[in-house]
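Computed from a predicted structure; not experimentally measured.
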Amino acid sequence: MSELVEKQRILRHIATHIQERVPTAEKTAAEAFARAYYANVSLRDLTETSLDSLVASADAMWRFSEVRTPGHTKIRIYSEECTTQNCPVLKTIVEIVNDNMPFLVDSLIGAINSCGYAINLVIHPVMGVERDKNHKLVKIEPPLSASQAESFIHCEILGTLSPEKIDALKQEIVRTLHDVKEAVNDWEGMRARLREAITNLKENAPHNSTEEVEETVAFLEWIEEGHFTFLGFCKYSFIAEETRHLVAQEGLGILRDPLKCNLAHIFSGIDLTPANRRYIVEPDPLIITKASQISFVHRRDPMDAITVKKFDSDGNIVAFYQFIGLFTSVAYNQSALTIPFLRRKVKRILERSGFPGQWHDGKTLIHILESFPRDELF
């Protein structure tokens, strides 16, 4: 029997038994839900668990997700015993039903791993749903043809957790999903602020080299093209007489909370030294650095901070646009020779070395720079 035929047999068994557990009016939707729920689960994962346990798991998720208000997240964590390869196994289950959006699964996995737990299995179907006026699920459709798509996430952790550990894990997940929602909802707003910063540089170029401004604009256009994951934004007004005094004007994404806009929060533990203050008032339009805060969204790494200075018509600094987030995997894998801002650094290093790029020493130096930690190069 082929794997496809065997998987279809298992899905039919699950769908049939789900129908037996629900009222007549729910049978069609429940069957479609059960089939979609396991559609992308590998045959190996399906056959390692007893059919009764698979039916019970799908039925539990169906009942949990049956009523949900759009825009709200449903979360639950519980322990259960299931049969795996004829052996009883205790598991802790994390289940979430949410409006479908980017970064849900990887952010959730990061939250669970950050609490010290390894995940044994992830089930994540995205379904098109129709809910009635009471928010009850009445129809399942293909996600691309539906007006509302929802994510149904089921994560399994081997073993059981104490009530205290379950509560701590839930708090971490709630905090993580809050940041995901804030970042996704303000995604376009943050990109609009980046375009605003680009326009300002083009119209009010600072009093330094044209090359500097052009390279900065090219870099900002490069990150806007999908090379940066925008998580937060804040615009600060700037008082030249008090270089310590940056007043937050507007926050978006994970910086929408005014308390989080404070630089002491974003760069906690980093002193604003005289050298740093001088750097702030210099006419160079771009500052790239690392925030001290770890991202809860997408991947658990220190966030990148990209600060663009805003100038008036006389070339004076009047404000700062600060974007925090993560460079994408493409930014780490793309050649430094093709990335604005980095390509100029590489060129200047080659010039100072005195090694022509086509010579052996020059090629070796280029290889070293290409393999140099990209965060350090930025």
Side-chain angles (χ1 to χ4, degrees), residues 2-78 80 82 91 93-109 119 121-156 173 177 180-181 184-185:
S2 71
E3 289 190 3
L4 179 60
V5 172
E6 174 63 10
K7 184 171 181 178
Q8 290 302 318
R9 183 191 70 79
I10 294 172
L11 293 181
R12 280 197 303 272
H13 175 94
I14 295 169
T16 298
H17 283 75
I18 286 291
Q19 285 185 313
E20 295 172 355
R21 294 177 173 225
V22 300
T24 302
E26 299 176 10
K27 288 185 182 298
T28 300
E31 178 191 9
F33 176 89
R35 288 181 179 276
Y37 186 65
Y38 288 118
N40 294 320
V41 179
S42 71
L43 179 61
R44 178 180 178 180
D45 285 328
L46 289 175
T47 54
E48 283 185 349
T49 304
S50 70
L51 288 174
D52 287 345
S53 293
L54 292 173
V55 171
S57 179
D59 181 56
M61 178 61 98
W62 164 260
R63 296 178 188 279
F64 175 58
S65 61
E66 198 169 9
V67 177
R68 185 187 77 91
T69 304
H72 289 73
T73 303
K74 294 193 75 172
I75 303 173
R76 69 173 179 177
I77 304 174
Y78 62 95
E80 69 171 13
C82 67
K91 297 179 179 180
I93 308 299
V94 178
E95 291 185 329
I96 292 172
V97 187
N98 197 74
D99 295 337
N100 187 48
M101 60 183 63
F103 311 129
L104 281 177
V105 175
D106 45 4
S107 301
L108 174 61
I109 291 173
I119 298 172
L121 175 67
V122 176
I123 300 175
H124 175 226
V126 177
M127 305 184 200
V129 303
E130 180 182 324
R131 295 184 181 273
D132 62 21
K133 62 180 181 180
N134 296 317
H135 312 304
K136 184 175 181 179
L137 202 161
V138 295
K139 188 176 181 181
I140 298 295
E141 303 174 290
L144 296 179
S145 63
S147 59
Q148 176 66 33
E150 295 184 8
S151 280
F152 301 82
I153 308 176
H154 170 102
C155 295
E156 297 183 0
I173 291 172
L177 295 183
V180 170
K181 185 176 181 180
V184 170
N185 286 348

Report yes if some heavy atom in the side chain of Phe152 is under 4.5 Å from a heavy atom in the side chain of Val129; otherwise report no.
-> yes
Answer yes or no: is there a side-chain heavy-atom contact under 4.5 Å between Ile173 and Ile77?
-> yes
From His154 NE2 over to Ile119 CD1, what is the distance, rounded to the nearest 0.5 angstrom?
-> 11.0 Å
Sub-4.5 Å side-chain heavy-atom contact between Val22 and Glu31 = no
Kindly write out the residues that satisfy side chain to side chain donor-acceptor pair (under 3.5 Å) with Arg12, not counting sequence neighbours, or none if the list is empty.
-> none
Side-chain touch Leu51/Ile10, heavy atoms, less than 4.5 angstrom = yes
With Asp99, which of Lys181, Lys74, Arg68 fulfils salt bridge (Lys or Arg N to Asp or Glu O under 4.0 Å)?
-> Arg68
Does NZ in Lys7 sit with more than 12 non-hydrogen atoms of other residues, nucleotides or ligands closer than 6.0 Å?
-> yes
Hey, could you give me the CD1/CG distance between Ile109 and Leu104, rounded to the nearest 0.5 Å?
-> 11.0 Å
The reported gap from CG in Asn100 to NE2 in His124 (rounded to nearest 0.5 angstrom) is 5.5 Å
Considering all heavy atoms of both residues, which atom of Ala36 and which atom of Pro125 are nearest to each other, and what is their separation?
-> O-CB, 3.4 Å
Does a side-chain heavy-atom distance below 4.5 Å link Glu150 with Asn98?
-> no
Under 3.5 Å donor-acceptor, Thr47 side chain and Arg44 backbone = yes
Identify each donor-acceptor pair in which a side-chain atom of residues 52-59 lies under 3.5 Å from a protein atom, sequence neighbours left out, and give them as a table.
unit_1	atom_1	unit_2	atom_2	d
Ser53	OG	Ser50	OG	2.9
Ser53	OG	Thr83	N	3.1
Asp59	OD1	Arg63	NE	3.2
Asp59	OD2	Arg21	NH1	3.4
Asp59	OD2	Arg63	NE	3.0

Is there side-chain contact between Gln148 and Arg131, with at least one heavy-atom pair below 4.5 Å?
-> no
Closest non-hydrogen atom pair between Leu43 and Glu6, with its separation = CD1-CG, 3.7 Å
What is the distance from atom CD1 of Ile96 to atom CE of Met61, rounded to the nearest 0.5 Å?
-> 8.5 Å
For atom NZ of Lys91, is the number of surrounding heavy atoms from other residues, nucleotides or ligands below 6.0 Å larger than 12?
-> yes
Val126 versus Ala149, closest heavy-atom pair with distance | CG1-CB, 4.2 Å
Look at atom CG of Asn40 and say whether more than 12 heavy atoms of other residues, nucleotides or ligands are closer to it than 6.0 Å.
-> no
At what distance, to the nearest 0.5 angstrom, does CD1 of Ile140 lie from CH2 of Trp62?
-> 6.0 Å
Return the minimal non-hydrogen interatomic distance between Pro102 and Val180, and the atom names on each side.
-> O-CG1, 3.6 Å
Non-neighbouring partners of Ser42 that pass side chain to side chain donor-acceptor pair (under 3.5 Å), sequence neighbours left out | Asp45
Compare all side-chain heavy atoms of Cys155 with those of Leu108 and state whether any distance is below 4.5 angstrom.
-> yes
Heavy-atom side-chain proximity of Glu95 to Ile123 below 4.5 angstrom | no
Is there a donor-acceptor contact under 3.5 Å from the side chain of His17 to the main chain of His13?
-> yes
Distance-only, no hydrogens or angles: does the Asp132 side chain make a donor-acceptor pair with backbone N or O of Asn134 under 3.5 Å?
-> yes
Could you go step by step and tell me if Thr28 and Lys139 meet the side chain to side chain contact (heavy atoms under 4.5 Å, CB included) rule?
-> CA-CA 8 Å; Thr28 300; Lys139 188 176 181 181; over 6 Å; no
Spacing of Ile14 atom CD1 and Gln19 atom CD [to the nearest 0.5 Å] = 13.0 Å
